Amino acid sequence: MKEIDVTKIINEVKRLCIEAATYIEDDVFNVIKCAKNKECGLAKEILEQIIENDEIAAKENIPMCQDTGITVVFVEIGNDVHINGSLEDAINKGISLGYTEGYLRKSVVKSPLNRVNTKDNTPAIIHIKYVLGDTLKITICPKGAGSENMSKVKMLNPSDGIKGIKDFVLNTILEAGGRACPPLVVGIGIGGDMEKCALIAKEALLRKIDDESNDPDANKLEKELFEEINKLNVGPMGLGGKTTALAVKVNLYPCHIASLPVACNIQCHASRHKVVIL
Ligand code: SF4
């Protein structure tokens, strides 16, 4: 049994919050640079500004964007791990320290009705999965409201099929326009029930940019939607161009014979997430 001290979790979560806000992931950054080379005019100029912004953030240790997000946390805990305290309290303490000591914007309100700021960006949205092994994996994914607000869930009829799924995704991207800060990473969850499709769509955002689905149907859909989304001419920051999506990821889950739940979780060009394995 591996013993993990809560202090270690607090310190790691604090570090990840600051790093996720400040340093873009290499795979995301590289694909933005490749996209810049394929664009011209205003689209190219905007991608150059995004690249410069990310470079300044990393060099000066400041956030890439003023909206440092609500903190979504994915945890995988092994059956041979013992933590000497509350895992959720430790994660929230780490977030509180990260957002206050890291001078990140506090964007969480205590109640959606009273709108009073909690002043330390807690509580997080925490998803815990139990796995085999003796490791604790924590993924921090700060999600800005611009992209999250444009994400959607729809309960389709099975008879809507692939065409229905594509229409839903393409309309979601078109409706989002520039408000989700494209170019986007598009996470699509298909199957499960209403909440499961939303969860696997968000998990899809954590996959590497060059990762392809092992499922042949999902793989085909990823490629087709990538092409179709990039023909929509939404473009960088919604001002037109060939680059609307940097990547499209499709996650599947079994579902009821009478259901076809689909979620489209949109992530902006910052595509922030950081991982630690303890
Ligand atoms: S969508 Fe992303 S880039 Fe746009 S404001 Fe929100 S966090 Fe910043």
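When a ligand or atom number is given, it counts from 1 through the structure's own listing order. Since this is a predicted model, take the numbers as computed values, not measurements. Throughout, numbering of the chain's residues begins at 1 and tracks the sequence.
Considering only non-hydrogen protein atoms, atom 4 (Fe) of ligand 1 sits nearest to Cys181 SG, 2.3 Å. In terms of protein heavy-atom proximity, atom 2 (Fe) of ligand 1 is closest to Cys268 SG, 2.3 Å.
Under the 3.5 Å distance criterion, with hydrogens and angles disregarded, no donor-acceptor pair is assigned to the side chains of Ser213 and Asp215. Of the N and O atoms on the side chains of Arg105 and Asn121, not one donor lies less than 3.5 Å from an acceptor on the other residue.
Tyr99 contributes a side-chain N or O that, together with a main-chain N or O of Thr68, makes up a donor-acceptor pair within less than 3.5 Å.
At least one heavy atom of Arg272 lies less than 4.0 angstrom from ligand 1. For Gln66, the heavy-atom gap to ligand 1 drops under 4.0 angstrom.
Of all atoms in ligand 1, listed by their number and element, those nearer than 4.0 Å to a heavy atom of Ser147 are 1 (S).
Contact of the Cys255 side chain with the Pro261 side chain is registered, since non-hydrogen atoms from C-beta on lie closer than 4.5 Å.
Comparing Cys65, Ala21, Gly144 against atom 8 (Fe) of ligand 1, the shortest heavy-atom distance belongs to Cys65.
Atom-to-atom distance recorded for Ile77:CD1 and Thr135:OG1 is 9.5 Å, nearest 0.5 angstrom.
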